[in-house]
Undergrad: 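Just dropping this structure here.
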Amino acid sequence: MPQGDYIDLHRKRNGYRHDHFERKRKKEAREVHKRSQIAQKTLGIKGKMLTKKRYAEKALMKKTLAMHEESSSRRKVDDDVQEGAVPAYLLDRDATTRAKVLSNTVKQKRKEKAGKWEVPLPKVRPVAEDEMFRVIRSGKRKTKQWKRMITKATFVGPSFTRKPPKYERFIRPSGLRFTKAHVTHPELKCTFNLEIIGVKKNPNGPMYTSLGVITKGTVIEVNVSELGLVTPAGKVVWGKYAQVTNNPENDGCINAVLLV
Amino acid sequence: MVQYNFKKITVVPTGKDFIDIILSRTQRQTPTVVHKGYAISRIRQFYMRKVKYTQQNYHDKLSTIIEEFPRLDDIHPFYGDLLHVLYNKDHYKLALGQINTARNLIGKIAKDYVKLLKYGDSLYRCKSLKVAALGRMCTVIKRVGPSLAYLEQIRQHMARLPSIDPNTRTILICGYPNVGKSSFINKITRADVDVQPYAFTTKSLFVGHTDYKYLRYQVIDTPGILDRPFEDRNIIEMCSITALAHLRAAVLFFLDISGSCGYSIAQQAALFHSIKSLFMNKPLIIVCNKTDLQALEGISEDDKKLVMEMKAEAMKTLIGQGGEPTNDERVLLTMSTLTEEGVIAVKNAACERLLDQRVELKMKSKKLNDCLNRFHVAMPKPRDQKERPPCIPEAVLEAKAKKAEQAAEKQKKLEKDLEDENGGAGVYSASLRKHYILANDEWKEDIMPEILDGHNVYDFVDPDILQRLEELEREEGMRQEQEADDDFEMDGAELTPEEQEALAEIRKKKRLLIQQHRMKKSTAESRPTVPRKFDKDKKYTSERMGRQLSTLGLDPTLAINRARSKSRGRKRERSVDRGDQNGTDDMDVDGNQPNKKLRLRSRSQSRSRSKSRPPYEVVPGEGLKDSAQKKKAVKLAEKSHKKRNKDARKGEADRIDASSIQIGFILHKLYTESCELSYPLLEVALKALKGLYGYRGESYCGLI
């Protein structure tokens, strides 16, 4: 044993105290009561955290207990029901299902023509103009109020140059400009940090789309070359659409879901 | 940073604990209350502060971790290699590198979010940004959690490494497993190393300390080394190889000539030859252990040849150092740790060799030359061929010769020599009883009982003890009587009336002095300490002295004259004039002598009559420089007495500039609107205006 292990060395040479094991046993038995006392006395945020931790422990313990109590005795097992199986009294409804199928295809064709795609967030809260823009006073006496500053996250392309400050109506502050988004693949369930190529559509209006404002529900185009996706034809896919799922101005980052 | 005591590294918390600590700190140490009605800049500042505070704390704690762990390239190569052998340099560096990256990432996060917070326009938005910032910082730490756990493990192990100083005098013990290295170190130092019959009992380096010639030597015990190629060695063997490679120490190579360790002499010789490159420039001694089982002379011819080969190698190192090649006693030694014969000799030989080598090196080094330059023994230049030896008087020479004879006669063996021979201060304890004079010499080492048959032995040691007790008591009695005689009687029964009077006077005076002293002591803290010459209370005037002397019945004139002649300086002319002008002063006892203070006063008669002083005259005991300063001081004191104005009336500072247009506007508006208002309402408005704008308001009201 190394020279520095004083405790172990002492134990090896002189053994334990005469009451060591008894004291240890009693201390461990008292632990339970001590824990419950602490849990009752802790207040505030610490108390909440402690209860959460204890609840998790309790749930886990219950699960393990249930697992141990699983009896090995045999029970009657129901056969799995086949997909599409229907009880006897519903058997002769064939005609209506086929009609349903037809009408569904018609509806889908209509949707395709209209250009309404299925997206993870079909509806979003509309953003009012005074929430989106802040009025900036300009002029010598600060009476002119035609400038607006955008208070939400924006995307400007790499070749973006501002209009001369005297003429620019919409100010996009550089602190609110984002270039990257955290994109989640819905099937693989993993998230990548991908570059934004452009803003495709903002549900609040075409003006916002042209300004490059990114709010919740906006469809953006991201650079997926690092994912290594390949089309059936054999070409490498490097841009895909994704829909924003959070409020970027509140979180400081853009989280999106890839539209496969 | 050179650190050979790794116990000072602070504990590295686990990832979860780290997060808890920092977040609870932020919650406690920053303000907690904010409402959505506050000004937006205040809300922003509140949240920015939290983000910055958290980042600062993370930065501080991570920086301490990075700085306190030793950098393997900066410490002594022995420790660098040892830590590499034990913990793998690459893993160690990676872990620290990850902590560093975490620190930088957290800094970047904080910077970005503080920038974003500047655009927050509602409490909810600022709060979400702060939550996001703190969350991201904590995620960074969570990811780096395994590195933190690894560093904590390393820290715990490092703290228990033996504290070896690589630069001091060191003796290194190496050899095959089970040859007796640990027993040797147990014998010469106080290190209690485990000694067991199985191999590889010692699994790490052990340190002990021993003394030789008033110097402290480090003795390092290494785990046994097997004869294997370098790449196959395990961690334990690598520890000893590292020690051998990097420490400048005297090496004791242990040889088990009895073969009871399980390895033959041939195998041990093979090991010796394979690691002899590590013995370069180190004083090497080959020690044959376990001679109680097998003497060195009794081994077979082949083994003897191998031993001689090893000795030859060791001699090479001796010759290399410039020592005499003939002294082979210092290279090959035998001993037995069981019977303890030769153990001390081995230690002494090793210490001696090491000391010689170190001294030689120091002499050759440049540093010594710097010191040597400072010494210079000046010899007078010989001016002729005549010999001039030092002159010692005859008597001294004779005395010296006699002393030398006496010393030669006695030549007692000192206890000190005995101690040195038997192992030094820690090992040998002198027997204090060996010079006892007893009837039978065998009783010297007996233990003396204190109680025998229920009696105290010491009571019966001296046969005349009762007699002596009586004598002692008699002496005590006499001494007490003497003391009683010396007591001074103060009752006054034997004093004459004059003496009694004098005694009463003395007692009264004494009481007075004690009272005065007590008063002085109680005010000592608030009283200014004035030097005696300023004498505010006029206690040290010559008149007073004269008065006191006359009350005692002595003639004071001579004393006063003497005192005056000594105190009076050069400028006597003017003072004498002044003295004539100022007339009476009833403090003068003798009348003509002018008062010192009066001399300094102004000449005007009125002033001289009044006893009070002019208002800003500086009295030397007060501590002020001149009268201007005193004036200022008096003014300040009076100002602080002034009562505060609590009438709440409008003052100078409360007036409004009446030239601003606003008032005109308001008044005009009121006037135009007043046509529609009812009369009493108008009055109220006008009154309010008056109150607001004071006298100017009145004039405007007049307009209306």
Side-chain angles (χ1 to χ4, degrees), chain A residues 1-14 42-50 52-53 56 125 127-128 130-136 148-154 171-180 182 191 193 213-216 246-255, chain B residues 6-7 16 19-20 23-24 26-28 32 40 51 86 109-122 124-136 156-164 182 185 191-194 196 201-208 220-221 223 236 239:
Chain A
M1 134 185 0
Q3 200 171 14
D5 282 355
Y6 314 110
I7 302 176
D8 290 337
L9 193 65
H10 183 275
R11 283 214 179 127
K12 194 171 167 192
R13 292 203 177 143
N14 310 353
T42 329
L43 303 170
I45 186 86
K46 283 196 180 150
K48 289 186 194 163
M49 282 165 54
L50 193 66
K52 194 167 167 193
K53 212 162 42 150
R125 188 178 72 89
V127 180
D130 53 358
E131 194 184 330
M132 182 77 80
F133 298 129
R134 191 190 304 168
V135 176
I136 303 280
R148 299 280 182 277
M149 182 176 88
I150 298 178
T151 60
K152 306 276 179 191
T154 54
I171 300 174
R172 274 160 282 200
S174 58
L176 289 174
R177 290 185 202 162
F178 289 90
T179 49
K180 289 198 164 213
H182 302 148
T191 315
N193 199 12
V213 175
I214 300 183
T215 55
K216 185 168 181 175
N246 74 328
N247 286 317
E249 70 276 2
N250 284 350
D251 294 332
C253 57
I254 301 178
N255 296 342
Chain B
F6 295 126
K7 302 184 204 288
K16 232 189 228 176
I19 297 173
D20 280 342
L23 286 182
S24 69
T26 310
Q27 196 227 350
R28 276 178 298 128
T32 51
I40 188 65
V51 172
L86 291 170
I109 292 172
K111 204 160 63 147
D112 289 338
Y113 275 86
V114 163
K115 257 199 284 190
L116 275 172
L117 266 165
K118 292 189 193 145
Y119 295 103
D121 47 9
S122 69
Y124 178 71
R125 191 161 156 183
C126 291
K127 185 173 181 179
S128 327
L129 283 168
K130 163 239 182 194
V131 168
L134 294 195
R136 276 176 96 166
Q156 281 180 2
H157 195 272
M158 258 203 290
R160 285 164 189 262
L161 286 177
S163 42
I164 299 175
S182 302
I185 195 176
D192 265 328
V193 183
D194 253 357
Q196 300 284 351
T201 317
T202 310
K203 292 197 254 296
S204 61
L205 299 171
F206 279 79
V207 186
I220 301 184
D221 178 23
I236 304 176
C239 281

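Quick note on labels: first sequence line is chain A, next is B, and so on, each numbered from 1. What you see is a predicted model, and the numbers here were worked out from it, not measured in a lab.
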Undergrad: Please step through side-chain contact (heavy atoms from CB on, under 4.5 Å) for the pair Asn247(A) and Arg125(B), ending with a clear verdict.
TA: CA-CA 10 Å; Asn247(A) 286 317; Arg125(B) 191 161 156 183; over 6 Å; no

Undergrad: Side chains of Tyr124(B) and Asn250(A), heavy atoms from C-beta outward: is any pair under 4.5 Å?
TA: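 Contact flag for Tyr124(B)/Asn250(A) side chains = yes.
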
Undergrad: Give, for atom NZ of Lys46(A) and atom CG of Asp20(B), the distance between the pair rounded to the nearest 0.5 Å.
TA: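 So the NZ of Lys46(A) and the CG of Asp20(B) are separated by 9.0 Å.
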
Undergrad: Using heavy-atom distances under 4.5 Å, tell me whether Ser204(B) contacts chain A through its side chain, its backbone, both, or neither.
TA: side chain

Undergrad: Got a second to check how far Ile45(A)'s CD1 is from Leu23(B)'s CG, nearest 0.5 Å?
TA: 9.5 Å

Undergrad: Please state whether the side chain, the backbone, both or neither of Tyr113(B) comes within less than 4.5 Å of a heavy atom of chain A.
TA: side chain

Undergrad: Could you look at Asp5(A) and say if it's the side chain, the backbone, both or neither that has a heavy atom under 4.5 Å from chain B?
TA: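 Backbone plus side chain of Asp5(A), per the 4.5 Å heavy-atom cut-off to chain B.
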
Undergrad: Less than 4.5 Å to any heavy atom of chain A: does that hold for the side chain of Leu116(B), its backbone, both, or neither?
TA: side chain

Undergrad: First locate atom CZ of Arg134(A), then atom OH of Tyr119(B), and finally report the distance between them rounded to the nearest 0.5 Å.
TA: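 OH of Tyr119(B) is found 9.5 Å from CZ of Arg134(A).
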
Undergrad: Less than 4.5 Å to any heavy atom of chain A: does that hold for the side chain of Val207(B), its backbone, both, or neither?
TA: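 Both the backbone and the side chain of Val207(B) come within 4.5 Å of chain A.
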
Undergrad: With a 4.5 angstrom heavy-atom cut-off, could you sort out which part of Leu161(B) is near chain A: side chain, backbone, both or neither?
TA: neither

Undergrad: Can you confirm whether Lys180(A) is buried at NZ, in the sense that more than 12 heavy atoms of other residues, nucleotides or ligands lie under 6.0 Å from that atom?
TA: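 Buried by this count: over 12 neighbours within 6.0 Å.
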
Undergrad: For the atom pair CZ (Arg160(B)) and CG (Asp8(A)), what is the distance rounded to the nearest 0.5 Å?
TA: 7.5 Å

Undergrad: Considering only heavy atoms from C-beta outward, does the side chain of Glu249(A) approach that of Leu129(B) to under 4.5 Å?
TA: no

Undergrad: Taking every non-hydrogen pair under 4.5 Å, which of Thr201(B), Asp192(B), Thr202(B), Val193(B) racks up the most with chain A?
TA: Asp192(B)

Undergrad: Measuring from Gln3(A):CD to Asp221(B):CG, what's the distance to the nearest 0.5 Å?
TA: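 Separation between the atoms: 9.0 Å.
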
